[in-house]
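Working notes, beginning with the structure itself.
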Amino acid sequence: MSDQDAIAIVGLSCRFPGARDTTRYWANLRAGTDSISRFGTDELRAAGVAPDLARRPDYVPARGVLGAGDRFDWVFFGYSRAEAAR
């Protein structure tokens, strides 16, 4: 087989905060979309963040959030139930 007869099969799949698939991911990149979620005091309290931690000046109440987190196969990736719940 020569290089001229070679073929490449390329696939891409992803899931990121604010992007459920590659189409949305690339659209977000092109648009400069910020997909980081920011949380207020009530949301932090409901999530169990200690009030003294949330008041610290170096605490950043933000993170990337993936949709459909309940569909994450934590067993396959070797996480404990507690780790997967975070």
Side-chain angles (χ1 to χ4, degrees):
M1 177 193 261
S2 70
D3 287 342
Q4 193 171 19
D5 298 324
I7 62 168
I9 299 173
V10 179
L12 175 67
S13 179
C14 68
R15 208 172 116 223
F16 291 105
R20 68 186 175 285
D21 56 30
T22 54
T23 301
R24 173 69 2 215
Y25 174 69
W26 289 115
N28 287 351
L29 282 177
R30 285 192 305 271
T33 301
D34 179 2
S35 297
I36 299 299
S37 298
R38 284 145 181 87
F39 303 95
T41 305
D42 292 339
E43 292 168 305
L44 294 173
R45 189 176 303 119
V49 175
D52 58 321
L53 174 61
R55 284 191 294 270
R56 288 178 50 167
D58 60 339
Y59 182 76
V60 179
R63 70 180 177 111
V65 177
L66 290 177
D70 59 325
R71 297 178 58 204
F72 176 66
D73 190 353
W74 53 273
V75 173
F76 177 81
F77 289 100
Y79 286 93
S80 70
R81 184 179 301 275
E83 289 171 318
R86 289 187 215 159

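Cluster membership for Val65 and Val49, using ILVMFWY side-chain heavy atoms within less than 4.5 angstrom, is shared. Hydrophobic clustering, with ILVMFWY side chains joined whenever heavy atoms are under 4.5 angstrom apart, keeps Tyr25 apart from Leu66.
Judged as a salt bridge (Lys or Arg N to Asp or Glu O under 4.0 Å), and not counting sequence neighbours, Asp21 has no contacts.
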Test Phe16 against Leu29 for side chain to side chain contact (heavy atoms under 4.5 Å, CB included), laying out the working first.
-> CA-CA 11 Å; Phe16 291 105; Leu29 282 177; over 6 Å; no

Would you sort out whether Trp26 and Leu12 count as a side chain to side chain contact (heavy atoms under 4.5 Å, CB included), showing the intermediate values?
-> CA-CA 12 Å; Trp26 289 115; Leu12 175 67; 3.7 Å; yes

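Closest heavy-atom contact between Ser35 and Pro17: CB-O, 3.0 Å. Annotation for Trp74 and Ser80: closest pair CE3-C, 3.9 Å, computed over non-hydrogen atoms. Nearest heavy-atom pair across Arg38 and Ala62 is CG-CB, 3.8 Å.
Within the structure, side chain to side chain donor-acceptor pair (under 3.5 Å) pairs that include any residue of residues 43-65 comprise Asp42-Arg45, Arg56-Asp58 (at least two apart or interchain).
Looking at heavy atoms from C-beta onward, Cys14 lies in side-chain contact with Thr22 at the 4.5 angstrom threshold.
Panel note: side chain Asn28, backbone Gly18; a donor-acceptor pair is recorded below 3.5 Å.
Chaining together hydrophobic side chains whose heavy atoms lie under 4.5 Å apart leaves Val60 on its own.
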